[in-house]
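A quick write-up on the structure given underneath.
This is a predicted model, so every value here is computed, not measured.
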Amino acid sequence: MAADGAPLDLLKKVFPTLQFEVFPAYTPRYGNTNSLVWPVIKQSPILFWQGIKDHCWMESFVNKTKIDGIISDNRFGAFSKKVPSVFITHQLHIKPPKSLAFSSPIIELVNKTIVRNYSTCWIPDFEGNQALAGELSNPPFKDISINYIGPLSRFEEFKAASNNEKEVIDFLVIISGPEPQRSIFEENVLSQLKGRNESVVILRGLPHVKSVPDVSENIRMLNHAIDDQFFDLISSARFVVARAGYSTIMDLVAMKKSALLIPTPGQTEQEYLAEYHENRGFFHRKLQSDTSYFDSSFRDSNRMFLKPFQESRLSDILREWICNL
């Protein structure tokens with residue numbers, strides 16, 4: 001397994017018996033504004049160069065280790081022409097900001113070019129009108145090998161194991177995303193929840209940080225939670241507030257848990273997903289700039305989802321892929 005930074009640390013904890021390699025990554029930097037357009041444009045040459053470096057690193061790694069295949073979790077350059085390579089993404093179609101709508105055909109072409117470098121592309125979603133990612137994952141590219149493997153969640157295995165009685169909490173707030181928007185979101189949450197009667201747990205998304213601030217008697221702050229603890233927090237929360245990232249949405253759908261989604265400002269993917277699921281009646285949505293996240297408007301969202309989550313095809317597709325190596 002190859003990764004870098006916080007993902008590498010997390011994966012080592014989850015899979016302690018595997019062999020790991022440091023796969024150097026670049027972390028994009030964002031500003032304080034609600035638009036990521038110019039930060040992304042400014043850093044696009046660096047991201048392009050990072051893709052080239054990733055590919056060179058991977059070819060060297062294949063030569064050194066003689067591995068039989070590669071599965072890349074949305075890492076653009078992690079492919080090899082010497083072994084079968086799989087690209088995993090839910091974003092076949094990337095939505096640019098409205099101000100750059102004219103660039104959509106160019107972005108589509110670039111994305112197709114990236115996916116074509118791989119032997120096949122696996123989409124963690126349903127195909128068709130029940131897709132969790134909507135227009136991001138559908139329709140498939142006609143001239144590229146695409147497999148819809150169904151949504152994926154780390155919480156499936158905990159369903160039967162977590163039936164013990166738990167302390168009920170009123171609000172679970174899951175903080176995530178790039179700085180400085182992560183800290184801005186956290187500050188907004190604290191200002192709205194301090195001193196209230198409801199019990200609150202805030203999961204800060206800071207696995208590297210050791211200290212935890214003491215902010216209010218009704219609020220418990222956690223920098224990080226391992227999977228079984230995270231599952232228990234979600235299942236015991238009356239109301240969940242989270243970013244609109246696709247992994248978070250898949251986890252919530254797997255648990256049939258509705259939530260209030262607050263997309264990271266300027267991240268068009270999250271903004272689209274939050275609006276898409278609000279329109280379908282699955283989740284409620286608010287903006288980070290709203291002054292009250294925790295009013296009564298989203299507390300009726302105990303809704304069921306359209307399709308059984310258990311219909312993931314990952315095991316069958318993975319088994320077939322390995323047998324063909």
Side-chain angles (χ1 to χ4, degrees), residues 1-26 47-48 50-94 110-128 131-133 136-157 227 246-247 250-251 254 309-325:
M1 190 169 286
D4 194 17
L8 178 62
D9 294 339
L10 176 61
L11 291 166
K12 281 183 175 179
K13 292 176 184 176
V14 177
F15 304 104
T17 63
L18 294 187
Q19 180 179 336
F20 285 87
E21 291 283 338
V22 176
F23 187 12
Y26 171 74
L47 297 173
F48 177 76
Q50 181 65 43
I52 294 175
K53 290 199 296 183
D54 284 356
H55 177 56
C56 292
W57 186 96
M58 187 57 69
E59 291 289 18
S60 174
F61 184 70
V62 170
N63 290 333
K64 179 178 70 174
T65 61
K66 308 301 180 187
I67 60 173
D68 300 297
I70 301 165
I71 300 175
S72 168
D73 182 10
N74 206 27
R75 191 80 178 254
F76 296 159
F79 66 93
S80 171
K81 297 301 184 182
K82 298 170 185 171
V83 297
S85 304
V86 176
F87 188 61
I88 297 182
T89 183
H90 65 281
Q91 287 199 81
L92 288 183
H93 311 283
I94 298 174
V110 170
N111 206 33
K112 272 189 178 181
T113 302
I114 291 169
V115 177
R116 274 200 188 96
N117 288 321
Y118 292 80
S119 312
T120 188
C121 180
W122 293 351
I123 313 294
D125 201 357
F126 301 121
E127 184 175 7
L132 296 184
L136 302 181
S137 64
N138 282 266
F141 294 146
K142 293 181 180 179
D143 55 343
I144 298 176
S145 174
I146 301 288
N147 271 313
Y148 287 88
I149 61 177
L152 305 176
S153 173
R154 59 191 146 163
F155 293 142
E156 287 183 280
E157 62 186 274
D227 285 355
Y246 188 60
S247 295
M250 288 193 293
D251 285 341
F309 195 86
Q310 292 83 344
E311 290 187 17
S312 172
R313 300 175 59 220
L314 175 63
S315 295
D316 293 338
I317 290 173
L318 183 58
R319 189 177 295 110
E320 180 182 356
W321 183 75
I322 291 173
C323 288
N324 288 332
L325 290 177

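Side chain of Asp54 to backbone of Ala78: no donor-acceptor contact under 3.5 angstrom is found. Formation of a donor-acceptor pair under 3.5 Å by the Gln50 side chain with backbone atoms of Pro24 is found in this model.
Between Phe23 and Arg75 there is a side-chain heavy-atom pair separated by less than 4.5 Å.
For the pair Pro139 and Leu92, the tightest heavy-atom approach, listed with the atom from each and the gap, is O-CD1, 3.9 Å. Here the closest heavy-atom approach between residue Leu325 and residue Pro84 is recorded as CD2-CG, 3.8 Å. For the pair Phe126 and Asn138, the tightest heavy-atom approach, listed with the atom from each and the gap, is O-ND2, 3.4 Å. The shortest heavy-atom contact between Val83 and Ile67 is CG1-O, 3.4 Å. Taking both residues in full, the closest heavy atoms of Asp4 and Ala25 are given as OD2-N, 3.0 Å, listed atom of the first, atom of the second, then distance.
Ring centroids of Tyr148 and His90 are separated by 6.0 Å or more, keeping the two rings apart.
Atom CD of Glu21 sits in a crowded spot, with more than 12 heavy atoms from other residues, nucleotides or ligands closer than 6.0 Å. Other residues, nucleotides and ligands contribute more than 12 heavy atoms inside 6.0 Å of the CZ atom of Phe20.
Side-chain contact of Asn63 with Glu59: a donor-acceptor pair under 3.5 Å is absent, judged by distance alone.
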Using the salt bridge (charged side-chain N to carboxylate O under 4.0 Å, His left out) rule, take Arg319 and Asp316 through it: C-alpha gap first, then chi angles, then the decisive distance, then the call.
CA-CA 5 Å; Arg319 189 177 295 110; Asp316 293 338; 3.4 Å; yes
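The line from CG of Asn117 to NZ of Lys81 is 4.5 Å long, rounded to the nearest 0.5 Å.
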